[in-house]
Amino acid sequence: MSDRCCGTTAIEIEPFTTPQQTTPGQTGALPVVVIGAGPVGLAAAAHLAERGIDFTILEAGDRVAASVAQWGHVRVFSPWKYNVDAAARRLLEADGWTAPDGEWLPTGAELIDDYLAPLAKLFGDRVRLGVKVTAISRLGYDRVRTAGREEVPFLIRLESGEELRARAIVDASGTYTSPNVLGASGLPAHGEGAVFVDHALPDVLGADRDRYEGRHTLVVGAGHSAATTLLALAELPDTPITWAIRGGSASRTYGGGDADALPARGALGTRLRAHVESGRITLLTGFFTHRVNATDQGVEVVSRDPSGHEQSVTVDRIVSATGYRPDHSIAAELRLDLDPVLGSTRALAPLIDPNQHSCGTVPAHGVDELAHPEPGYYAVGVKSYGRAPTFLMATGYEQVRSVVSALAGDWDAARDVQLDLPETGVCSSNLAEAQEQRVGLATGISGGLLSTPLPLATATATAESGGGCCG
Ligand SMILES: Cc1cc2nc3c(=O)[nH]c(=O)nc-3n(C[C@H](O)[C@H](O)[C@H](O)COP(=O)(O)OP(=O)(O)OC[C@H]3O[C@@H](n4cnc5c(N)ncnc54)[C@H](O)[C@@H]3O)c2cc1C
């Protein structure tokens, strides 16, 4: 029994063990710092607690899982059985927690209330809320200085100016707080900073209804976040809706309708297509957002395509559903090896390439694929995927199990990465049920609206093989 890490849990916490292959010397007595108290940061903490490794979680928000809370009204597409980390489950069950129905699809709010908040409670004051990490370096070392680098602690600077030291960093700060820009070329549209743009997935039928009802709203983006928001807006009376996409047609968002191999995606697309064909939603194709201007009539949004042709629309509100990107700026003084396309590690990039993989076919991976040249720094969770929209909590949980095993010096466990996911069933969702309850379906995830459960596919990756697709 330990009250050091986990409050009243009956789990035996191993005494602190010095890792064999990580930062030795003066760093050994320092805690591991976990950045972000989302699902993956908290799972990392659960594994650290089980291994008896001292840790602190730093969370920028004023509550745990602050980013998940932002989309709390959205029902996820993977059922509970894939959303609870194994170490977290052991700690919680030892504390008397009863797991929710494994087949149920929780909303973001249920994920927090029924799982993440009780988990964080076990860690007591090891979870610090309202503390934003602004920079990470190594004590007395900038990025260039090499000799003895591995021997010195990490230095973490907080927004308040406070500085902390750590033996290792598990950066689970996510991507939700760094959305992609509206500008079509990946650069902010001219004037983008001067007008108000809503983040993806507003609670259109709930808390945010007053902001949208009766207002002409432009939704920018071609993914499921955009589709979810458009369908919700279509339920509001007297609310003009415009949908802007870069492509020449919305066929990718519509999917294959009745012929779609993925029926729920097809159903969503069919409804969206019907709204476009009936004129309820005005679709602007070939829309390359270039400039936004506040006018007396509203916000004028101007597209300029690569040939220079312009079109524009004036609206009351803009919802940007253009995806997310990782913010590596806090680690700018560390030695990172980033894939030039995705912004993940280079070793991970081919395993998560959205051109090759949906969320259910990403192979298991761990510490070897997540390691940077900077020893002891690991970006995990959705941040580790960079711009790839194929991340699942289940893969993040295996990442942190592997990384924490390595930090504990247990390299056999670290390299024994396993992931059992149905190739598409993990993304399954009962669309009708979710929509009956007037909550959006999950989004932002490639293959995120799949509904046909397929047989279990097992993926095992080793450091030697570099992993293989579970395909
Ligand atoms: C709408 C939506 C639905 C999804 N549905 C599913 C699903 O069904 N199944 C699934 O497996 N995955 C789903 N995902 C993908 C993914 O699993 C989630 O995004 C998940 O929340 C990622 O967990 P994380 O811990 O990596 O990051 P996050 O949940 O984003 O947590 C990061 C945390 O770090 C904090 N933070 C950020 N910057 C700092 C800083 N500088 N200092 C300190 N703290 C910081 C944030 O406040 C946040 O609490 C969904 C994602 C979205 C957006």
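As the structure is a prediction and not an experimental result, all values here were calculated from the model. All ligand and atom numbering here is 1-based and tracks the order in the structure.
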Novice: Going by the closest heavy atom to atom 42 (N) of ligand 1, which one wins out of D171, V133, L58?
Specialist: V133
Novice: Any cation-pi pair here, R387 with Y324, using under 6.0 Å and within 45°?
Specialist: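 No, R387 does not lie over the aromatic ring of Y324.
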Novice: Ignoring angles and geometry beyond distance, decide whether V382 reaches within less than 3.5 Å of ligand 1 through its nitrogen or oxygen atoms.
Specialist: yes
Novice: Should you measure from each heavy atom of A66, which atoms of ligand 1 turn up under 4.0 Å away?
Specialist: 47 (O), 49 (O)
Novice: Between side-chain atoms of residues 335-349 and protein atoms elsewhere (two or more places apart, or another chain), which donor-acceptor pairs fall under 3.5 Å?
Specialist:
| from | atom 1 | to | atom 2 | distance (Å) |
| --- | --- | --- | --- | --- |
| R335 | NE | R143 | O | 2.8 |
| R335 | NH1 | T146 | OG1 | 3.4 |
| R335 | NH2 | R143 | O | 2.9 |
| R335 | NH2 | V144 | O | 2.9 |
| R335 | NH2 | R145 | O | 3.2 |
| R335 | NH2 | T146 | OG1 | 2.9 |
| D337 | OD1 | R346 | NE | 2.8 |
| D337 | OD1 | R346 | NH2 | 2.9 |
| D337 | OD2 | R346 | NE | 3.4 |
| D339 | OD2 | V341 | N | 3.0 |
| D339 | OD2 | L342 | N | 2.8 |
| T345 | OG1 | L348 | N | 3.2 |
| T345 | OG1 | E369 | O | 2.5 |

Novice: Counting heavy atoms only, which part of A172 comes closer than 4.0 Å to ligand 1: side chain, backbone, both or neither?
Specialist: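 It is the backbone that touches ligand 1; the side chain stays farther off.
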Novice: Say whether S78, considering both its backbone and side-chain N or O atoms, lies within less than 3.5 Å of an N or O atom on ligand 1.
Specialist: yes
Novice: Would you call the rings of Y385 and H365 parallel, tilted or perpendicular if under 30° counts as parallel and over 60° as perpendicular?
Specialist: tilted
Novice: Show the atoms of ligand 1 that are less than 4.0 angstrom away from any heavy atom in G381.
Specialist: 26 (O)
Novice: Check for me whether the distance between the ring centres of Y397 and Y82 falls short of 6.0 Å.
Specialist: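 For Y397 and Y82, the ring centres are not under 6.0 Å apart.
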Novice: Among the heavy atoms of V131, does any lie under 4.0 Å from an atom of ligand 1?
Specialist: yes
Novice: Which bit of L201 gets closer than 4.0 Å to ligand 1, counting heavy atoms only: side chain, backbone, both or neither?
Specialist: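 Side chain only; the backbone of L201 stays clear of ligand 1.
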Novice: Test your reading of the structure: does E59 have an N or O sitting under 3.5 Å from an N or O of ligand 1?
Specialist: yes
Novice: If you apply the rule side chain to side chain donor-acceptor pair (under 3.5 Å), what do you find for R51 with S405, and how did you get there?
Specialist: CA-CA 8 Å; R51 291 273 185 179; S405 299; 3.1 Å; yes
Novice: Please determine which of R126, R165, R167 meets the salt bridge (charged side-chain N to carboxylate O under 4.0 Å, His left out) test together with D54.
Specialist: R126
Novice: Regarding ligand 1, does G174 bring an N or O atom to under 3.5 Å of one of the ligand's N or O atoms?
Specialist: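 Not met; the criterion fails.
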Novice: Could you tell me whether V68 approaches ligand 1 through its side chain, its backbone, both or neither, with non-hydrogen atoms closer than 4.0 Å?
Specialist: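 Under 4.0 Å from ligand 1, V68 contributes side-chain atoms alone.
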Novice: Of the non-hydrogen atoms in E374 and L334, which two are nearest, and what is the gap between them?
Specialist: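 Shortest heavy-atom contact: OE1-CA, 3.4 Å.
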Novice: Can you confirm if the aromatic rings of Y176 and H199 lie within a centre distance of less than 6.0 Å?
Specialist: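 Yes, ring centres under 6.0 Å apart.
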Novice: For atom 23 (O) of ligand 1, which of A69, P106, G130, P39 has the closest heavy atom?
Specialist: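 The residue whose heavy atom sits nearest atom 23 (O) of ligand 1 is P39.
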Novice: Just let me know how I35 lines up against ligand 1, side chain, backbone, both or neither, with a heavy-atom cut-off below 4.0 Å.
Specialist: side chain
Novice: Any side-chain heavy atom of V127 sitting closer than 4.5 Å to one from V64?
Specialist: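 Side chain of V127 against side chain of V64, heavy atoms only: contact under 4.5 Å found.
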Novice: Considering distance alone, does some N or O of A394 sit under 3.5 Å from an N or O of ligand 1?
Specialist: no
Novice: Does the N or O separation between A60 and ligand 1 drop below 3.5 Å for any pair?
Specialist: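 By distance alone, the answer is yes.
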Novice: Show which side-chain atoms of residues 108-118 pair as donor or acceptor with protein atoms under 3.5 Å away, not counting sequence neighbours.
Specialist:
| from | atom 1 | to | atom 2 | distance (Å) |
| --- | --- | --- | --- | --- |
| E110 | OE1 | W104 | NE1 | 3.4 |
| E110 | OE1 | T107 | N | 3.0 |
| Y115 | OH | D85 | N | 3.0 |

Novice: For ligand 1, is there an N or O atom under 3.5 Å from any N or O atom of M393?
Specialist: yes
Novice: With R138 as the cation and F154 as the aromatic partner, state whether NZ or CZ is under 6.0 Å from the six-membered ring centre and within 45° of the axis.
Specialist: yes
Novice: List ligand 1 atoms under 4.0 Å from V76, heavy atoms only on the residue side.
Specialist: 5 (N), 7 (C), 8 (O)
